[in-house]
Structures are given as C-alpha cells and as structure tokens.
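Quick one: this structure, given as structure tokens, is what I'll be asking you about.
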Amino acid sequence: MVSAPQQQRTYFTELEKDMPWLKDKAIITALAELKDLKFSPDDIKYLKNMGINIPYKSGADAVKKIEKQNIRIMFDKPTEKSIHAQYDFGKNIIIINEKYKNTKDFAVILAIGEAILHEAGHANDNDGDSSVQEELDFLGMNAVAHRAFLKKYGNIFSDAREPIIRDGVSLYEELFFDPDPDKRRLIERIKEKYGDLPSGDRMHPPGAIARAIKR
Ligand SMILES: [Zn+2]
C-alpha cells in the first residue's frame, strides 16, 4: 500500500471552501488529484481516431462541472455490489462503493478520482440513460486519466488487488491502448458489460467500435 504524498495545500483549501459539504478526506484527496490532472493531447487524439470523444479535456474541467452542477459525492451501497461507482440522476449524487470508505491507500484514492471523473461524464449529459458509445467515451476518458496518473506517479498501481483498480481503471487503460488495431479485447469486454444498452444516443452517436459491439 502506498500513502498519499504531501498534497497541494491550495487545492485542498479551495475544495473545502467551494464544497463545504465535503468532509471525507479520501474524496477530498481524490478531487484534489483530479483537479491537478492534465490529459495528454496525443492520448486524446488517439481516442478521437478510434471514434471516441471525451467530454472533459482535463481533470480540472470535471471538478468545475461538479461544483457548478452542485453534485454531491459520497460512499454508499451501489445498486449492485460489483459496481465501483454510479451517478444517481434523480438525486444528483455520485456514489462510490462503500467498501472503499476510509481507505488510506493512495492508489485506491486515485482510482476513486478516476471513478468520479467517469460519473461526472454521466452527470454532464443531463439524462438518466446511457449507451454503448456513452460508456466508451467515458471509459476512454478514464484510460487517458489513468495514463496521466501513471506518468505522474510511476508504477503505483502495479501490485494493486482491489477490483476498482485491477478490474477497473488499470484494465481499461490496457484495453483502450491495446496495440491490436481491431481492439478485439476491448470489444469483448464492453459487449459483456454494456452490450444490452443501445449503440448510441443524442449526445453520443455510435462510432465503428460501438457498432461492432452491437453486431
Ligand atoms: Zn458509465
């Protein structure tokens, strides 16, 4: 387990001032890390060539949206226990699986930041629905964020056993940036997890990968 490095005090102070409801130290740390996270333009372009468009161009963009839309973030029971995080449209709340509550493991805290980023994507759409393309857009954004954390913190995730890392953020980085040009493993995974959703929607028209998943 890796502990958090000395945080950027300014982000902590800003977040505590802008979101007075926010008391949980793990969530504050996750948001401070997200707020400081820059995405690589090359990674964004790589996704774009795959037909994947990400809604936020940096972690700060997502945090700004969370503040503006007054989204609450808390640990709670998700509707299914295998879900890492979800956005409750009716309540405007991002829920993080309560099994990670009180974590001191910095790698898990970064993964929570990535989960918040993904759910802030759903919140941005202002509808309660999702689609294969919508999930591709937000999971692709996770992959870009994950690469930014890897660049910043090195091999921090490599020994992790927690599902939110091993079967979540680390896995999607591997699948989206798979050297296989046909992205067969990505297609299989998304089909298995999200294959019942429609291929696309108003905000996320389906690209070639989403159409391949629905075939
Ligand atoms: Zn999602």
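Order of appearance sets the numbers: ligands from 1, and atoms from 1 within every ligand. What you are looking at is a predicted structure, and each value in this text was computed from that prediction instead of being measured.
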N, O or S atom of E119 closer to the Zn ion (ligand 1) than 2.8 Å: no
Sequence neighbours excluded - side-chain hydrogen bond (donor to acceptor under 3.5 Å, both in side chains) pairs with any residue from residues 191-203: S131-D201
Salt bridge present between D167 and R189 (N-O < 4.0 angstrom):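 Judged by the 4.0 Å cut-off on N to carboxylate O distance, D167 and R189 do form a salt bridge.
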Considering only N, O or S atoms of H118, the one closest to the Zn ion (ligand 1):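 Nearest N/O/S atom of H118: NE2.
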Pair F138 and H204, ring centroids less than 6.0 Å apart: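 Between F138 and H204, the centre distance is under 6.0 Å.
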All ring pair (Phe, Tyr, Trp, His ring centres under 6.0 Å) counterparts of F149, not counting sequence neighbours: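 With sequence neighbours excluded, F149 shows a ring pair (Phe, Tyr, Trp, His ring centres under 6.0 Å) to no residue whatsoever.
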Name of whichever N/O/S atom of E135 is nearest to the Zn ion (ligand 1): OE1
